Amino acid sequence: MQSAATSSPMRLDLAIIPAILVAGFFAALVEAAKSPDPAMVMQAWTFVACMAVTGIWYLVTYADGIPKDEQSGYANNVIKAGVIASMFWGIAGMAVGLIIALQLSFPNLFYFPDLPWTNFGRMRPLHTSAVIFAFGGNALIATSFYVVQRTCRARLFGGSLPWFVFWGYNTFIVMAGTGYLEGITQSREYAEPEWYADIWLTLVWVSYLVVFLGTIIKRKEPHIYVANWFYLAFIVTIAMLHLVNNIAVPVSPLETKSFSLFSGVQDALTQWWYGHNAVGFFLTAGFLGIMYYFIPKRAERPIYSYRLSIIHFWTLIFIYIWAGPHHLLYTALPEWAQTLGMTFSVILWMPSWGGMINGLMTLSGAWDKLRTDPVIRMLVVSVAFYGMSTFEGPVMSVKTVNALSHYTNWTIGHVHSGALGWVGYVTFGALYCLVPWLWKKQRLYSNALVEWHFWISTLGIVLYITSMWVAGIMQGLMWRAYNDYGFLEYSFVEVVQAMHPYYIIRAVGGGLYLTGVLIMAYNLWMTVRKGAPLVVATPEPHVPDSTPAIQAVPAGAVS
């Protein structure tokens, strides 16, 4: 619903969304009163609180009519909220990551037998979900809302529906995180939340698709810019993955526990079809949408090759979906399925590097900006990490390499080179761009602080991934070492003991990375508080974002 619809007496979104909130509030009250499961009671009260907060926000926001933000050209306030949420969850998730790294380094110092919620088994999924889905997810929602409006020259579809997406998604994050601390989990990598949280996320995610697709449909720009294709693929595919992988039968509507519809090797294959494509479409396709908008925009250069971006998109979409079985090499999975996963993983290297080349070569004619602009440097380094991770991944999927690398810390190093270097840096670069744009400031509070953030966090990444590479390869070699009598050369305890110095180095690297993020949070806060205001000559609705850097190009053209 655009500005014309906002002044109409009847708004479907302002009737349906409050009805959903009220229904959720009372359903959770009934759950809290009737459930015999103490964990479910706690989850129900948590959901009641989330519904109450969201409902109060709606009342306050719409009590005096349609807010000014809904009467302007673009919906900016919901994007601002996404930026704030992303930074908050990023700090929280990375702090938990540092805690569990220290637990592995010094277990005697970080073991609290009377506080089960502090155990590594509960904190670890809290860390992964917080950094992937809370930090990364809020960043993807915020940037996609920003990009689709500017490149389509249309306000977000749905009136207050984007706000429901924001509040609903963060409700899911709170439900999932508190559930982990209570010991509630499906024990499925990247899909730990139980059935009731999954149902809520499905409702929110469908709303997200409606907002994004509705904005594209009502666009004023005839061509769909390539970043929107990556965002759309991310939204649609994650919906499909979520629905299939989380098909489960609850023990009772009043209890947290459920059982997967799949069993045995089928369950494992379904999980890693989901797990690897969560990496492929959440942590890759979505963040490639960020790359394809923010690098050209920041560099003030057009995308190096529109044709290459189209090839990158379609090959990535068709190949990535088949790569999941490489997580199950040397298992009960049929040999043909293992080989299929390995083969498509190796093929995947080519389109991935095509995207990397496209991102890097966008700086043609603007390489000097790497010296003068630390934000563009962070964005470009993120693309370099993307290239490195998408080379290392196919190598590790080859069976002979996987025999050494799997179940070792090498995998941890690989995951974090992509997570910290690619996902982290491209998100930081986007947030550094968005804050001055959204809050209408001339520039960031301090470029020097961005430099400090970049170099401190880069040192942290190097310490983290190199320590895990060395530890992982040593771990794999020690596991397969035999003595002259045919017995294992090293016991499990000896292997763990050999890892100790590398675990300490990892914790130091994680601490440096978190320090950089705290510097960033301070810089962004000061930008909002004390940044020089931007003087805008004409109102925003009449200034569509049509700079050469992001103009849509007809199919087949090369910019």
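Because the structure is predicted, anything quoted here is derived from the model rather than measured.
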Under a 3.5 Å distance rule, please check whether [X] uses its side chain to pair with a backbone N or O of [Y] as donor and acceptor.
X: Tyr304; Y: Leu360; result: no
X: Asn245; Y: Leu241; result: no
X: Gln475; Y: Val495; result: no
X: His127; Y: Met123; result: no
X: Gln186; Y: Pro193; result: yes
X: Ser417; Y: His414; result: yes
X: Thr527; Y: Tyr445; result: yes
X: His326; Y: Ala323; result: yes
X: Thr237; Y: Ala233; result: yes
X: Asn402; Y: Met396; result: yes

Under a 4.5 Å cut-off applied to non-hydrogen side-chain atoms, are [X] and [Y] in contact?
X: Ile79; Y: Gln149; answer: yes
X: Val415; Y: Ile412; answer: no
X: Leu434; Y: Phe294; answer: yes
X: Thr343; Y: Thr339; answer: yes
X: Arg150; Y: Lys297; answer: no

(message) side-chain hydrogen bond (donor to acceptor under 3.5 Å, both in side chains), that's the test. Do Gln103 and Asn119 meet it? Break it down for me.
(response) CA-CA 9 Å; Gln103 285 181 332; Asn119 288 347; over 6 Å; no

So that I know where these two stand, are [X] and [Y] an aromatic pair - ring centroids less than 6.0 Å apart?
X: Phe234; Y: Trp205; value: yes
X: Tyr320; Y: His276; value: yes
X: Phe133; Y: Trp89; value: no
X: Phe230; Y: Phe313; value: yes
X: Tyr208; Y: Phe145; value: yes
X: His406; Y: Tyr330; value: no
X: Trp422; Y: Phe385; value: no

Considering residues, nucleotides and ligands other than [X], do more than 12 of their heavy atoms fall under 6.0 Å from its [atom1]?
X: Glu494; atom1: CD; answer: yes
X: Phe391; atom1: CZ; answer: no
X: Trp452; atom1: CH2; answer: no
X: Trp455; atom1: CH2; answer: no

(request) Please test Leu232 against Leu209 for side-chain contact (heavy atoms from CB on, under 4.5 Å), starting from the C-alpha separation and ending with a verdict. (result) CA-CA 8 Å; Leu232 190 59; Leu209 176 61; 4.0 Å; yes

(message) Whether the His500 and Ser105 side chains hold a donor-acceptor pair (N or O, under 3.5 Å, no angle test) is what I'd like checked.
(response) no

(request) Check whether the side chains of Tyr292 and His312 place a donor and an acceptor atom closer than 3.5 Å, and report yes or no. (result) yes

(request) Walk me through it: do Trp410 and Glu392 pass the test side-chain hydrogen bond (donor to acceptor under 3.5 Å, both in side chains)? (result) CA-CA 10 Å; Trp410 185 356; Glu392 185 183 24; 2.9 Å; yes

(request) List the steps, then state whether side-chain hydrogen bond (donor to acceptor under 3.5 Å, both in side chains) holds for Ser260 with Asp267. (result) CA-CA 8 Å; Ser260 172; Asp267 187 46; 3.2 Å; yes

(request) Run the numbers on Leu316 and Leu288 for side-chain contact (heavy atoms from CB on, under 4.5 Å), then give the verdict. (result) CA-CA 11 Å; Leu316 197 81; Leu288 285 169; 3.6 Å; yes

(request) Would you mind telling me which of Val204, Asn138, Ile141, Val165 makes a side chain to side chain contact (heavy atoms under 4.5 Å, CB included) with Asn170? (result) Asn138

(request) Please confirm whether Arg506 makes a cation-pi placement over Tyr503, using NZ or CZ under 6.0 Å from the six-membered ring centre and within 45° of the ring normal. (result) yes

(message) Under 6.0 Å from the ring centre and within 45 degrees of the ring axis: does the NZ or CZ of Arg188 meet both conditions for the six-membered ring of Tyr274?
(response) no

(message) Between Glu451 and Arg371, does any side-chain N to carboxylate O distance fall below 4.0 Å?
(response) no

(request) Please determine if Arg480 and Glu489 form a salt bridge, counting it only when a charged side-chain N lies under 4.0 Å from a carboxylate O. (result) no

(message) Checking Phe492 against Trp479 for the ring-ring contact (aromatic ring centres under 6.0 Å, His included) test, could you report, in this order, the C-alpha distance in whole Å, the side-chain angles of both residues, the deciding distance, and whether it holds?
(response) CA-CA 8 Å; Phe492 178 79; Trp479 282 348; 7.8 Å; no

(request) Give me the ring orientation class for Trp314 and Trp229: parallel if the planes are under 30° apart, tilted from 30 to 60°, perpendicular past 60°. (result) tilted

(request) May I ask you to decide if the ring planes of Phe428 and Tyr425 are parallel, tilted or perpendicular, using 30° and 60° as cut-offs? (result) tilted

(request) Take Val380 and Thr362 through the side-chain contact (heavy atoms from CB on, under 4.5 Å) test and state the conclusion after the steps. (result) CA-CA 10 Å; Val380 169; Thr362 298; over 6 Å; no

(message) Using the rule given for side-chain hydrogen bond (donor to acceptor under 3.5 Å, both in side chains), can you reason through Ser129 versus Tyr180, listing the C-alpha separation, both sets of side-chain angles and the distance that settles it, and then say yes or no?
(response) CA-CA 10 Å; Ser129 289; Tyr180 300 150; 2.9 Å; yes

